[in-house]
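In what follows, a structure is listed as structure tokens, so that the remarks can point back to it.
Please read all numbers here as calculations on a predicted model, not as lab measurements.
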Amino acid sequence: MPRVGPRFCTVSLLRGETVAFPIRKPEEKTVDKAAQLMIRRAEELGIETVYHRYERMQPQCGFGLLGLCCWLCMMGPCRIDPFGVGPSKGVCGANSDTMVARRVLLHIANGEAAHGEHAFHVLETFKTAVEHSSKNLPFPYRIADEKKLRAIARKLGIPDADTRPVLDLAIEVAKIVEEDFVRTTEEPLNLLKAYSIEKRKRTFERLGIVPRSIWREGFESLHRIHVGVDADYRSLLIHGLRTALADCYAMAAATELQDVLFGTPRPVESYANLGVLKQDEVNIVVHGHNPLLSMKVVELARSEEMLSLAKSVGAKGINVCGICCTANEVLMRMGVPLAGNLLHQELALATGAVEAMVVDYQCVMPSLADIAGCFHTKLITTMPVARIPGAVHIEWKAERADEVAREVLRLAIEGFRARNRERVFIPDVKSKVIAGFSVEVILEALGGTLAPLVEAVKRGDIRGIVGIVGCNNPKVPQDRGHVELARELISNDVLVVGTGCWAIAAAKAGLMTLEAQSMAGMRLRKVLEVLKIPPCLHMGSCVDNSRILAALNAIADALGVDIPDLPVFGSAPEAMSSKAVSIGTWFVAHGVNVHLGVVPPVLGSEVVTKLLTEDIAGLVGARFVVEPDMKKAAEIILEHIDQKRKALGLPA
Ligand code: BF8
């Protein structure tokens, strides 16, 4: 059991002294009421969570926080003294600029690899599904959204996209997307050619950052950061832009093909927060990012066969709910409730009410196995690339997806008998949410054209549009930045859209309901009431940031301007993962300023910091802005929006 109480956490420093760091109260760790209750509950039960581990980790390495430590070769680890007293170069001779830039590129490549693998797994499944359908063979997956497939084919320039047989088209689409992974020539990504607006393409060409293949850019990044290769912070970061662009179109591939396999999201009502767990039902939490298995689990959980099995063990039903982006995927398409975002994953298990947590990959904490072990809960890993010691591993394969889902459900249902009701504590906290705002749905709500939205922006009823995305990070109180920034912006007539853990935070805070229209400024409110939409729009999981880009492309096209000219901004108030670094970078590359609420590890190099926060604007028309205070962040964002409106000749 960790040393977590009552008010101090003691840490022995290398020098042998012991330093006490104040432990924050639950109310200082998170603004989420359910999480506050569950942190106390976890402490009563002697369960360590991410919140406690973060405090035990203090003080975190000052070199690491500045980006000034390097362990990329075995001459290291090295660290550079930011005060100029100790070493100014690593053993290999790399200075602080090289060290910091290498680390940024490593984060981007890591994020790109994560989204790239996700997209590739979806592509492989899509291809196999099409092959089986062509031969009339049974397969767990099939084309569910023909309309979306034809729309993708049209965008890719495939001839006769509206009339050709659907399986022919699917084969063509798969070939074109596959080429974007494996291309060995200098040709640009097909998806970028088809999806990006002309003005942006010209910028990418001018800077030499047009990505060639999804695999190649990440591969080259890892080569460049190897000891003794690229030492110039500028060329490292320029390749970072190229890799991030490859990431962007990998994400687009994942979103598009998932829509074809599972349907394009449509508005759906559900609930969010730990109060969605049920006392009298089998609770199954799906967690991770790739919906290939979780969609099957949800489908099967609703079958008569499984419901009667659940009743046979004394449960009233089967309650599937989700954590992180897998949650967003199944919410958007099936109305499955959200149990929570990143920092809720351990708390969900600490309720003692979960029979099985089924994980795929990314943002899944290995410590889940320890917490599951305190209860009857089964932690089930399913992906060959993501194993956790202590978990049950039931491996997903596309052709076995239905069987795997059945095995998972049986294990969970069986587990219900072993639930110790005396140890169950489910916080009675949940909020209503309306999700499912794909670009297609937004267009439909506007009557098939963006014109009403563009007109509202022109008039100033919508002052600007901000995409808030990204993670939770225990360095800042959970959800505080997400909620504060969103509230501040909507009250100033800014329409907020977003994805990922922000979307879950906003849902838990009740910002994704029609009632939340009352929190919007008067002018925005009128628009929301006419369209019957919430002030914060849930656009999906993190790969669905590609939907936000698609909307920006369409608005820029409609106004006849480039993306940097638009009154828009991006923000990741609680960014944590490498994927967030990569996503932020490709938004900047596309000309969208990105605000970060957590200081990234770049301050060890003045020139890298300057490049990312100032000089990059001269290259791509946008930059990063770091501001931990959300009131000030909102002011910066509003000022930028107003400047852009003025430049476009739009009224204030
Ligand atoms: O991909 S927002 S913590 S869950 S990385 Fe992870 Fe960050 Fe959440 Fe989704 Ni995105």
Side-chain angles (χ1 to χ4, degrees), residues 1-6 9 23-57 271-288 319-324 326-327 337-359 363-381 388-392 412 415-416 418-430 472 474 477-479 501 504-505 508:
M1 177 49 205
R3 295 155 293 162
V4 293
C9 176
I23 289 185
R24 297 169 299 172
K25 291 185 200 138
E27 291 72 21
E28 295 162 313
K29 291 178 164 81
T30 171
V31 299
D32 183 298
K33 293 276 177 271
Q36 291 166 5
L37 290 166
M38 284 312 302
I39 291 170
R40 289 213 161 81
R41 174 68 177 162
E43 286 171 1
E44 272 165 34
L45 296 174
I47 290 172
E48 182 187 73
T49 69
V50 57
Y51 302 94
H52 306 107
R53 289 190 298 274
Y54 172 71
E55 271 153 0
R56 291 188 70 200
M57 199 53 69
Y271 285 90
N273 217 332
L274 292 168
V276 302
L277 292 167
K278 297 207 172 138
Q279 293 280 359
D280 46 9
E281 296 193 14
V282 175
N283 289 308
I284 300 174
V285 181
V286 292
H287 173 20
N319 176 41
V320 183
C321 51
I323 295 271
C324 286
T326 288
L338 299 165
N341 44 7
L342 180 83
L343 296 188
H344 266 45
Q345 57 188 286
E346 293 173 309
L347 305 180
L349 295 195
T351 62
V354 176
E355 274 59 54
M357 180 177 269
V358 188
V359 302
C363 306
V364 177
M365 294 180 183
S367 51
L368 290 170
D370 301 331
I371 303 182
C374 299
F375 301 94
H376 68 301
T377 310
K378 293 275 183 286
L379 176 68
I380 304 174
T381 51
I388 298 176
V392 179
F416 185 78
R419 189 193 287 182
N420 180 347
R421 276 148 194 82
E422 280 162 27
R423 293 185 78 210
V424 169
F425 175 78
I426 302 174
D428 185 16
V429 182
K430 64 178 177 186
N472 287 142
Q478 182 196 13
D479 291 356
C501 284
I504 301 176
K508 289 187 294 169

- 4.5 Å side-chain heavy-atom contact, H287 and V364: yes

### Message
In the structure I gave you, are the side-chain heavy atoms of E43 and H52 within less than 4.5 Å of one another anywhere?
### Response
yes

task: Assess whether atom CD of E44 is packed by more than 12 heavy atoms of other residues, nucleotides or ligands within 6.0 Å.
output: yes

Taking every heavy atom of G322 against every heavy atom of A327, the minimum-distance pair comes out as C-CB, 3.1 Å

Of all heavy-atom pairs linking A42 and T49, the shortest is CB-CG2, 4.0 Å

Check: Going by heavy atoms in the side chains, are D479 and T30 under 4.5 Å from each other?
Finding: no

Separation between CG (L368) and CD1 (I323), nearest 0.5 Å, reads 9.0 Å

So SG of C501 and NZ of K508: to nearest 0.5 Å the spacing works out to 8.5 Å

Minimal heavy-atom distance between E346 and V50, with the atoms involved, is OE1-N, 2.7 Å

- Query: With side chains defined as the heavy atoms from C-beta onward, is the minimum distance between Q345 and V359 less than 4.5 Å?
  - Reply: no

Charged N to carboxylate O under 4.0 angstrom, R24 versus E55? yes

Across all chains, not counting sequence neighbours, the salt bridge (charged side-chain N to carboxylate O under 4.0 Å, His left out) partners of R40 are E27

Taken to the nearest 0.5 Å, the spacing of L347 CG from I47 CD1 works out to 9.5 Å

Hey, does the side chain of N341 reach the backbone of C324 with a donor-acceptor pair shorter than 3.5 angstrom? no

Q. Do the non-hydrogen side-chain atoms of V285 and M357 ever get within less than 4.5 Å of each other?
A. yes

Interatomic distance, CG@L274 vs CD1@I426, rounded to 0.5 Å, equals 9.0 Å

task: Could you tell me whether the side chains of Q478 and Y51 share a donor-acceptor contact shorter than 3.5 Å?
output: yes

Sorted by chain and residue number, the side chain to side chain contact (heavy atoms under 4.5 Å, CB included) partners of D428 (sequence neighbours excluded) come out as none

Chi angles and distances behind the side chain to side chain contact (heavy atoms under 4.5 Å, CB included) call for R419, V282:
CA-CA 10 Å; R419 189 193 287 182; V282 175; 5.7 Å; no

Side-chain contact test, heavy atoms from C-beta onward, threshold under 4.5 Å: evaluate it for N319 versus I284 and give yes or no. no

Looking only at heavy atoms, the pair that brings P337 and V320 closest together is CD-O, 3.5 Å

Any side-chain heavy-atom pair from T351 and F425 closer than 4.5 angstrom? no

What one should report as the nearest heavy-atom pair of L277 and C321 is CD2-SG, 3.7 Å

- Task: Kindly indicate whether a cation-pi arrangement holds for R421 with F375, taking the cut-offs as under 6.0 Å to the six-membered ring centre and within 45° of the axis.
- Result: no

The side chain to side chain contact (heavy atoms under 4.5 Å, CB included) partners of V429 (sequence neighbours excluded) come to K33, A34, L37, N273, P427

Just do the side chain to side chain donor-acceptor pair (under 3.5 Å) check on S367 and R53 with the steps written out, would you? CA-CA 10 Å; S367 51; R53 289 190 298 274; 3.2 Å; yes

Heavy atoms of A350 and L45 approach each other most closely as O-CD1, 4.1 Å

Run the numbers on E355 and T377 for side chain to side chain contact (heavy atoms under 4.5 Å, CB included), then give the verdict.
CA-CA 5 Å; E355 274 59 54; T377 310; over 6 Å; no

Side-chain contact, heavy-atom cut-off 4.5 Å: N472 with H344? no

